[in-house]
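So that the names make sense, note that chain A is the first sequence line, chain B the second, and so on, each numbered from 1.
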Amino acid sequence: MKVRTRFAPSPTGNVHIGNMRAAIYNWLFARHHGGQFLLRVEDTDRERSTPEAIQTLLDAMVWLKLDFDEEPLYQSTRMEAHLEAAEMLLSKGLAYKEDKGGTGQGECVIFRMPGTDSIFEDGIKGTLSKKAENMQDFVIVRSNGTPVFHLANVLDDIEQNVTHVIRGDDHVENTFRHIALYKALGADVPKYAHLPMIVNAQGKPYSKRDGDAFVGDFREKGFLGEALFNYLALLGWSPGDDREIMSMPEMVEAFSLERCQSSAAQVDLKKLTWMNGEYMLKLPDEDFEMICFGELDKAGIDAEPEYARRIFKLVRERVKTVADIVPMTGYFFADEFEYDEQAVRKKLQKDGVADTLAKVKAVFESLEIFDEASTDKALHDFVETSGLGFGAVMAPVRIAVSGVQSGPDLFPLLNVLGRERVLKRIERTTGLFLS
RNA sequence: GACCCCUUCGUCUAGUGGCCUAGGACUCCAGGUUUUCAUCCUGGCAACACGGGUUCGAGUCCCGUAGGGGUCGCCA
């Protein structure tokens, strides 16, 4: 039997990372077994299921490189089939009509639970069972004539020949219902596997309040799709050895449900950031540059390509996320850059700094050639003859030309800026803070 | 409340009865390198929720307790 898994989100515009992780596991499982990974858009909620929301969902999948087989199935197109199935269950006496609770809303269709104990083998949690007396009949068609999730979901899984349902923990109770539905419908019951939930930094379930758990947020925060994929894959699963940074083929090769954790996992942004940095470092230069240009563009910075490329090289290994790029390079492009207040106070506004900067400026002016090697030598000579410490000279110079205390190595930095900018900036800094 | 499920360093995890004085990664700390920050290198802190069994031997099996979570909709 060929493995077929699916991702069945409702397109609300915000895909939670818990759902995305489920999608990743489904994808990994299908690919590992040489099977198919399908997409089903559960768009029966007409209010929230806008074309934009569907596009957002598709974009997220492309971003994470979750390619699916076959055309996506849109649940909204299946209403007739769902209702037909309900009629069939009704005619067989497996369901009945009732004005539930006597609300006067009219009659809905209710599925009759078989009245026997239920047991199934969960791919992650092991044997799960439930006594008949703890399971109740449930609504499958509302009194307004629309099918309920349980019916639609099961019917569509049957339609798509889904063999393995890998989904969140919150569905285990539903599984007993769904299994009963499969049997009533005369279809083969798929294998189930329930993933533990992802919780926030407080160890609590993500709520609407934790506005940072949607896939789009991670993209905005500057994470790479590949890194998030890798991180999410490892959140609740491990290959069994010490590998952590893994390529998609490696993960596909190593993936198995047996190695999935059955307890909740907490997202650790620090580790994600670290992992993202590793992926940034592995990026081909051209890709890195393209991302950088994109970021500058978004920030409204008009960068001269040659100059910009030299800057990108300088910050290459320091960048942890895409969002670091503009803050780390902004001062290269704007002579009117902002100053870090603390840096100014601690390193600049001290006795002798004005004099030091004036002398350094003179040294730079007198240089025949202004490049990395010459500024390096000149400044070292200056330190020696002036009797000042390296820090007392380098720090003010750095802040004078960049506004911040940290950044690329000073001499390559000066070299890329060029003499003209360096002199102008020292002058401006002196004027602003030291006169 | 009822029914299910979960519990190894702060976090993600390895561990399927002896190889565990519990390993790795992130974070954090210290030292080294460096003009600074970052990187890098070295080292360090840090966990089997608790209590009973079973066993020659338990993080690993069983039973309780505690804590956490899920579900209990004409939402999905």
Side-chain angles (χ1 to χ4, degrees), chain A residues 8-10 12 19 42-45 48-49 75 98-101 103 105-110 122 124-126 128-131 133-136 138-150 152-153 167-177 194 196-199 201 203-205 231-232 234-245 258-259 261-275 277-278 281 315-320 324 328 343 347 376 379-380 383 388-399 402 404-411 413:
Chain A
S10 40
T12 59
N19 289 118
E42 304 209 330
D43 59 345
T44 48
D45 184 340
R48 297 187 297 172
S49 300
Q75 191 160 70
E98 189 185 295
D99 180 0
K100 203 185 176 200
T103 53
Q105 291 176 67
E107 291 192 316
C108 54
V109 180
I110 298 173
D122 188 278
I124 293 172
K125 293 178 175 295
L128 262 24
S129 63
K130 192 118 177 146
K131 291 215 164 28
E133 69 238 48
N134 292 321
M135 295 185 283
Q136 280 103 46
F138 58 95
V139 175
I140 53 176
V141 179
R142 298 182 188 89
S143 50
N144 69 5
T146 58
V148 167
F149 162 74
H150 303 294
N153 187 266
R167 55 176 17 170
D169 222 340
D170 50 338
H171 281 294
V172 304
E173 300 291 327
N174 288 336
T175 304
F176 297 104
R177 298 190 176 111
H194 290 93
M197 310 264 83
I198 290 181
V199 296
K204 297 287 179 191
Y231 181 75
L232 252 20
L234 250 36
L235 201 59
W237 170 78
S238 85
D241 47 42
D242 287 338
R243 283 181 294 170
E244 293 210 297
I245 304 286
E258 292 72 50
R259 297 208 57 84
Q261 209 73 13
S262 53
S263 53
Q266 196 168 318
V267 173
D268 182 358
L269 250 20
K270 289 229 176 92
K271 184 150 188 177
L272 207 210
T273 303
W274 163 77
M275 191 172 271
E278 297 293 306
L281 228 38
V315 298
R316 184 77 160 98
E317 60 180 24
R318 321 170 64 87
V319 170
K320 288 273 179 281
D324 288 340
M328 277 184 183
K347 305 282 167 113
D376 189 331
L379 236 40
H380 274 82
V383 165
L388 293 164
F390 279 114
V393 177
M394 307 302 173
V397 173
R398 172 185 292 283
I399 296 163
S402 73
V404 289
Q405 292 187 75
S406 68
D409 287 340
L410 184 58
F411 303 111
L413 167 67

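Across all strands shown, Phe411(A) has heavy atoms under 4.0 Å from base atoms, whether or not it also approaches the sugar-phosphate. As judged by a 4.0 angstrom heavy-atom cut-off over every strand, Lys347(A) is placed among residues making no nucleic acid contact. Among the protein residues, Glu42(A) comes within range of the sugar-phosphate backbone only, with heavy atoms under 4.0 Å from sugar or phosphate atoms but none that close to a base. Using a 4.0 Å heavy-atom criterion, one finds that His171(A) contacts the bases of the nucleic acid, with or without backbone contacts as well. Note on Pro205(A): only backbone sugar-phosphate atoms sit closer than 4.0 angstrom, heavy atoms only; bases stay farther off. Within 4.0 Å (heavy atoms only), Phe390(A) reaches sugar-phosphate atoms of the nucleic acid but no base atom. Among the protein residues, Ser143(A) comes within range of the nucleic acid bases, having at least one heavy atom under 4.0 Å from a base atom.
To the nearest whole angstrom, the two P atoms, one in C45(B) and one in G23(B), are 11 Å apart. Across the C1' atoms, A76(B) and U71(B) are found 14 Å apart, a figure rounded to whole Å. Going from the C1' atom of G68(B) to that of G53(B) covers 25 Å, rounded to whole Å. Taking atom C1' in both G32(B) and A38(B), the straight-line distance is 16 Å, to the nearest Å. The C1' atoms of C9(B) and A25(B) are separated by 12 Å, rounded to the nearest whole Å. For the P atoms, the distance linking G59(B) with C50(B) amounts to 11 Å, nearest Å. Taking the P atoms as reference points, C28(B) lies 16 Å from U11(B), given to the whole Å. G43(B) sits 35 Å from G51(B) when the P atoms are compared, rounded to a whole Å.
Closest heavy-atom contact between Val199(A) and Lys204(A): CB-O, 3.2 Å. For Tyr231(A) against Gln266(A), the heavy-atom pair with the smallest separation is OH-O, 4.0 Å.
Taking the side-chain hydrogen bond (donor to acceptor under 3.5 Å, both in side chains) definition, one finds that Arg316(A) meets it with Asp285(A), sequence neighbours left out.
Rounding to whole angstrom units, CZ of residue Arg167(A) and P of U71(B) are separated by 13 Å. If you take CG of Leu388(A) and P of U36(B), they are 16 Å apart, rounded to a whole angstrom. Rounded to an integer number of Å, the gap from CG of Asp409(A) to P of U35(B) is 9 Å. In this structure, CD of Glu317(A) is placed 16 Å from P of U34(B), rounded to the nearest angstrom. Here A38(B) presents its C1' atom at 8 Å from CE of Met328(A), a figure rounded to the nearest Å. Between Arg398(A) atom CZ and U36(B) atom P the separation is 10 Å, expressed in whole Å.
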>> Before you tell me yes or no, could you show the steps for His171(A) and Asn153(A) under side-chain contact (heavy atoms from CB on, under 4.5 Å), namely the whole-Å CA-CA distance, both residues' side-chain angles and the distance that decides it to 0.1 Å?
In response: CA-CA 12 Å; His171(A) 281 294; Asn153(A) 187 266; over 6 Å; no

>> If you apply the rule side-chain contact (heavy atoms from CB on, under 4.5 Å), what do you find for Leu272(A) with Val267(A), and how did you get there?
In response: CA-CA 8 Å; Leu272(A) 207 210; Val267(A) 173; 5.7 Å; no

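Mapping Lys100(A) and Ser406(A) onto RNA chain B by nearest heavy atom places Ser406(A) closer to the 5' end of the strand.
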> What string of B, S and - do you get for nucleotides 3-20 of chain B, 5' to 3', when a contact is any protein heavy atom under 4.0 Å?
Replying inline: SSSSS--BSBSSS-----

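Of the candidate nucleotides A76(B), U27(B), U35(B), U27(B) has the atom nearest to the side chain of Trp274(A).
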